[in-house]
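The structure appears below as C-alpha cells.
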Amino acid sequence: MENLKVVIIGAGISGLSAGVALREAGFGVVICDPDPQLVSGEAGVSMWPNGAKALHALGIGSTLSRICPIVTSVQYRDKRGSLISEIPLSPLVETVGQRPYFLTQKDLHDALLSQLGQDHPILGARCLDIKPVGDKVQVILDTGQRLTGDLVVGADGTRSEVRRFMFGNVPLRYLNSIWRTLIEQDNTLNPSNVFTMYSGDQRRVGVQPVSGRHLYLFFEAPISARLDELDRGVESLRTLYDETWSGIVHRLIERVNPLVKRIPIFDFDPLETFVRGRIVLVGDAAHSMAPTLAQGGALAVEDALVLARHLRSNATIEEALNRYDVERRQRTAPIVIAARHRTETILGSDREKTEHWYERLRSGHHDFVETLTQLTLEGPVR
Ligand SMILES: Cc1cc2nc3c(=O)[nH]c(=O)nc-3n(C[C@H](O)[C@H](O)[C@H](O)COP(=O)(O)OP(=O)(O)OC[C@H]3O[C@@H](n4cnc5c(N)ncnc54)[C@H](O)[C@@H]3O)c2cc1C
C-alpha cells in the first residue's frame, strides 16, 4: 500500500520506532504523547543482538555502535562478590553477527527522535478517545486536537488506554519491584567491558556499562517482599542488601539518589489479538513483560519493523494487520511467559529452584548464549 496516514499514540521506544519504520516505508505519520519533554529517566537499556539488528534496520545502528561500549562478558557473582560464572559474549556475537548495544534510554530516544527528523511528536497531548469516521479513524486529544488517519497504532505502554478502548480492562500481574539509576563510569566499581550481576537471597543487583560513560545500576527486590517496606527510597535498598552483601554493592547504593523511586513490574497474559478494526497495538501495550530477559524494548523495535513491512507489502490494511497480528503474537507470547518464569525462578520464594539455576550457571551448563542466539535467529531481522 501507499499513501497511508498513521496516527501513533505514545512516543516511547515502540511509538518512535513505529514512526521511523512507517515513515521509511513511505507513509505519513503523526505521533502524540502527554509527556511535555519525553523524559526518559535515569535508566539504561540492553539491546541484545535481536534488538541491535532491528535498530540497524531502522537506520540508527551506526550511531549506536559508535556510542555503545564493547562489553566482552557477563559475570555472575554471589552476594559476597565471589565469581559464580563468567560468560564470554564472543560466541554469541560470532554466531549471530552482531554485538549487543548497552546504552542509556535517553541516547536511544535521542537517536530515534533524530531519525524521525521533522515528524517530531506532538508533546503534551494525551489521547482521550478513538472513533471510526467512515473508513478512517479519529483520535481525540486532551488539547482539543483531532487527528485523523487510516490507521491508529497504540504504543502507549503497559497501562495502555488504547488497549482499554479496544478490549476493556486486561488484568495486570504484579511480579516484583526494581530501582534503577545511572552513575558515571568508575573502574573501581566495575570494569568498562563487563556486565556484572550480584545475586543472593532471591534478589539481584546489576551493574552495566552503558553509552561509554555511565554505569547503569539496577536493584531487584524478591517477589515476596512486602510492598510497604519498599517505598523508603535508598533506605529500602540498605535493608534489602544488608551487611552480608559485597562492599561493592554498598558502595553502589551510596551512589543512588536517596529519593530513588521504586518501579513496580507488571506483565499480563498474552492477548488473543493485537488488532481491532483499524487499531493495532505495539510494544508494552501489546505484550508487557518482566525485564529479566531484557527483551521488551527489543521486541518493540521488531514490532515496528514487521508492521511497516506488512503495510508496505499487502493490498489492504486488514490483510496487513492480520499478518502482523499472527506473526507478532507467535513471536512475543513465549517470551512473555519465559520472562515471567525466569523472574519466578530467580526472585521467587522457591529457594531450591533458585539454587538449582545458579548451580547450572556455576557448572557451565547454562543456556545463556543459546537462548540469545535462538532469539536472534528466530527474529524478523537475522
Ligand atoms: C526496569 C526495567 C528494565 C528494562 N530493561 C530492558 C532491557 O534491558 N532491554 C529491553 O529490551 N527492554 C527492557 N525493558 C522493557 C522496555 O523498557 C519496554 O519494553 C519499552 O520501554 C516499552 O516501550 P513502549 O514504547 O512500548 O512503552 P513506554 O516506554 O511505556 O511508552 C509509552 C508512551 O506512551 C505515552 N502514553 C501513555 N498514555 C498515553 C495516551 N493516553 N496518549 C498518548 N500517549 C500516551 C507515555 O507517556 C509513554 O511515553 C525494561 C523495563 C523495565 C521496567
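Worth knowing before you read on, the calculation uses all heavy atoms, side chains too, and leaves out hydrogens, waters and symmetry mates. Both counts, for ligands and for their atoms, begin at 1 and track the order of listing.
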Students should be able to answer this: which protein heavy-atom is nearest to [atom], and at what distance?
atom: atom 32 (C) of ligand 1; value: Ala155 O, 3.5 Å
atom: atom 19 (O) of ligand 1; value: Asp284 OD1, 2.7 Å
atom: atom 29 (O) of ligand 1; value: Gly12 CA, 4.2 Å
atom: atom 53 (C) of ligand 1; value: Ile265 CD1, 3.7 Å
atom: atom 24 (P) of ligand 1; value: Ser14 OG, 3.3 Å
atom: atom 27 (O) of ligand 1; value: Gly157 CA, 3.6 Å
atom: atom 42 (N) of ligand 1; value: Cys127 N, 2.9 Å
atom: atom 45 (C) of ligand 1; value: Pro34 CD, 3.3 Å

Which of the atoms of ligand 1 are close to [X], meaning less than 4.0 Å from one of its heavy atoms?
X: Cys32; result: 43 (C), 44 (N)
X: Gly283; result: 26 (O)
X: Ala294; result: 7 (C), 8 (O), 9 (N), 10 (C), 11 (O)
X: Ala298; result: 11 (O)

(request) Answer side chain, backbone, both or neither: which part of Gln295 comes under 4.0 Å from ligand 1, heavy atoms only. (result)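 Contact part for Gln295 vs ligand 1: backbone (N, CA, C, O).
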So, does [X] use its side chain to make a donor-acceptor pair with the main chain of [Y] at under 3.5 Å?
X: Arg99; Y: Ser65; result: yes
X: Arg262; Y: Ser177; result: no
X: Asp325; Y: Phe274; result: yes
X: Thr373; Y: Leu92; result: no
X: Arg351; Y: Gln202; result: no
X: His109; Y: Ala11; result: no
X: Thr104; Y: Gly44; result: no

(message) Pairs of nitrogen or oxygen atoms closer than 3.5 Å, one from Ser46 and one from ligand 1: do any exist?
(response) yes
(message) Please report whether ligand 1 has a polar contact with Val45, defined as an N or O pair separated by less than 3.5 Å (distance criterion only).
(response)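 There is no such contact.
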Evaluating non-hydrogen atoms only, which member of [options] is closest to [atom]?
atom: atom 34 (O) of ligand 1; options: Ile13, Leu38, Asp156; answer: Asp156
atom: atom 11 (O) of ligand 1; options: Ala339, Ala300, Gly297; answer: Gly297
atom: atom 47 (O) of ligand 1; options: Val162, Leu16, Asp33; answer: Asp33

(message) Rounded to the nearest 0.5 Å, what separates atom CD in Glu319 from atom CG in Leu311?
(response) 11.5 Å
(request) Report the relative orientation of the aromatic rings in Phe102 and Phe195; use parallel for angles under 30°, tilted for 30 to 60°, perpendicular for over 60°. (result)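 Correct class here is perpendicular.
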(message) Check the orientation of Phe218 and Tyr216. Use parallel for under 30°, tilted for 30 to 60°, and perpendicular for over 60°.
(response) tilted
(message) Could you report the tightest heavy-atom contact between Ala285 and Gly154, atom names first, then the distance?
(response)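 Between these two residues, the closest heavy atoms are CB-O, 3.8 Å.
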